[in-house]
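The block underneath contains the structure these notes are about, expressed in structure tokens.
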Protein chains: 2
Amino acid sequence: MKKTKHEKPPRRVTMTDVARLAGCSQATVSFVLNNATGVTISAETRGKVIEAARTLGYGASSLIHRPVLGNLGSGTIGFLCDQLATTPESVNAIEGARQACWDEGATILVAQTMGNPEREEKAVEAMLRSGIEGLIYMTIFTRQVAPPSFLENLQIPVVLLNCYAPESRFPSVIPDETAGGFAATETLIRLGHRRIATIVGEPFMQAAQDRLKGYRKALAKAGIAYDADLVGEGNWSPTSGFEATQRFLALKDRPTAFFCQNDKMASGCYNALRDAGLRIPQDVSVIGYDDDELCRHLRPQLTTLILPHRAMGAWAISELGKRRTSGKDGYPLTKMDCNLIERDSLAVLP
Amino acid sequence: MKKTKHEKPPRRVTMTDVARLAGCSQATVSFVLNNATGVTISAETRGKVIEAARTLGYGASSLIHRPVLGNLGSGTIGFLCDQLATTPESVNAIEGARQACWDEGATILVAQTMGNPEREEKAVEAMLRSGIEGLIYMTIFTRQVAPPSFLENLQIPVVLLNCYAPESRFPSVIPDETAGGFAATETLIRLGHRRIATIVGEPFMQAAQDRLKGYRKALAKAGIAYDADLVGEGNWSPTSGFEATQRFLALKDRPTAFFCQNDKMASGCYNALRDAGLRIPQDVSVIGYDDDELCRHLRPQLTTLILPHRAMGAWAISELGKRRTSGKDGYPLTKMDCNLIERDSLAVLP
DNA sequence: CATATTGACTAATAATTATTAGTTACATTA
DNA sequence: TAATGTAACTAATAATTATTAGTCAATATG
């Protein structure tokens, strides 16, 4: 272990050190740490050994230097993720990764870090101990991240999922939200709509900006003038969709179609439309985003765009397999399409 | 490593063995496997070493005999789960466990096994390598399981979450579905309802049986005769809830309250009631089960029971901490209550 | 009460792994 | 072309860990 040459070797902690601190022999330490059968160790001594080993950090592998077996195909891949709970996308990405691993029989170890760097480090340490051969680093919101610096010294391939690093330091995949916004809007245009409102999410989120960008691009391409009155600020919540829709309906020339930048706001939009006595899709077309479970429970079922997290998970696995090395301008950033899921909330403008 | 005495020692694979097969020196193997800096190894040799190590299974820790460091507090806990995706409960349980670990700063490593015993074994192996100190074994559906036998020889504490083993071989937690069915029904009775219909889930699922049991208990306690006509078979889907409700509404003496054994069926029930021109809660009270996200999007918002997975996750962690040893009749089976979440779908019978 | 037996350990040593200090063959440079 | 470098290794050995064969005290046993 440790460098072969020069530099003061930080002298790794040995069983003898532990034994000294615990006040017993090196042999005893070996027994305790290996749970040896055939010898008996008193609970007290055992405790002291473990205590000592822990304080000295026996065996605590430095992150950069992987433990023995590191290079050996363990068939394990690590998946770090800031949140599992808030949205189902993280689970979708994991599922995509798992399916892609299936043939190779790999195991995916997942850890949730809450975006906390200490936790990230601990989790990666644990994963390295288990001998992961690659690491997927995912965030729940699409954005640029400053990935913990130890990732760069890791010796195993790392890919970023749903996020990307400055200077393209890692291969990354994100959804193509601009294309998604474009597709949604263009679909409405193709149905004959000209007055198309959009309800955006919290504008500091990149997904919100990009979806709006796509919306504007589609309008421009169709030669429809952009009208700021048709852009409503929401915050992803049903209530905000409800209120934004009411404001639109008060306009003298009300829109005939709504592109809601997520499904929850679309559900609020539905309610406002119903309250106003408008029928979907006969009077108004609505399109959502995210393919929330909710879509199928709305009446009529909501047409939406599905985030490609499953495909992104699969992509990440295949990318890890390639063990690409960095080009001189870093690694590529891949964008994956959000497919449109046709349901019953769209109709041709009468 | 290995037993201290007797029994033909299965002779663990050493670097020397690997070196022989790879046609190089033990030193080279050491360099390759440790990714040593300061020496150069040709890609070819490196490949041969890794290949050889893999075929010989160098370092493949047997499940029962944990690797060095095993006993050392790694601050890591393993969480095995058959499915992450199908329902959000698994994520809730993980979240509960994570929160409970928070103070101690433990890391939770999660693996999804699809219920496949080989995967379970691989995942546990990987987790053991990383030095987990405890293992939570969860299933997505509440049921008795035959947990893989290696769990019993594991040296670390194991708890079952949402499932239980024959002969109480592990400490276990499950939701108290009977109490939940009882609470739901009793709430409706307290509001004055006597004709209370219930739509059950797939009857081979234990949750369905238990919720029904609770329903019958509550009726019995209130002295209301059980009427088989008021029990409709569903299959957890909205459609089945819709159809069952229509059948109930065709009854000469239609029910005034519906206890739907999950929220999806309740949403189908809502639609059937709306189609029949009945208002919730003025004309009919409805109660669901599961606290699906969907509840908040139904109008009126659905009163339901919440599954205690979060609490079960926390319980599992605290149980692991206790390192209980088996009593002569095994470990206890803990049942946790499903709390009622009051929303707007209930009213006093007029 | 002498004699096993067992629990709890250690000294000594065997087995294994890590590291140093080369060696060899080939390529570069002066 | 001799001298120098260097990539790719290995033999030898240092360092570390695992295991055997006890020791010693505290029971239990006949």
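Computed from a predicted structure; not experimentally measured. Letters go in sequence order (proteins before strands), and every chain restarts at 1.
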N/O contacts under 3.5 Å, protein versus nucleotides 27-29 of chain D?
none

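Side-chain contact check for B:N162 and B:T139: no donor-acceptor pair (N or O, by modelled atom type) lies under 3.5 Å.
For the atom pair CZ (B:R119) and CG (B:D82), the distance works out to 13.0 Å, reported to the nearest 0.5 Å. Rounding to the nearest 0.5 angstrom, the gap separating the CE atom in A:M114 from the CD atom in B:Q99 is 7.5 Å. The CG atom of B:L151 sits 7.5 Å away from the CG atom of B:L160 when rounded to the nearest 0.5 Å.
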### Summary
Scoring nucleotides 8-14 of chain C by protein non-hydrogen atoms under 4.0 Å (B base, S sugar-phosphate only, - none) yields BBBB---
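At a threshold of 4.0 Å, the pair B:R98-B:E95 counts as salt-bridged, since one of the basic side-chain nitrogens sits closer than that to a carboxylate oxygen.
When the C1' atom of C:dT16 is taken as reference, atom CE of A:M15 falls 12 Å away, rounded to whole Å.
Counting all heavy atoms, side chain and backbone alike, B:Q26 lies closest to B:A19 at N-CB, 3.5 Å.
Every residue two or more places apart in sequence or in another chain that forms a side-chain hydrogen bond (donor to acceptor under 3.5 Å, both in side chains) with B:E89 is listed here: B:T87.
No donor-acceptor distance shorter than 3.5 angstrom exists from the side chain of B:N116 to the backbone of B:T113, with no hydrogens or angles considered.
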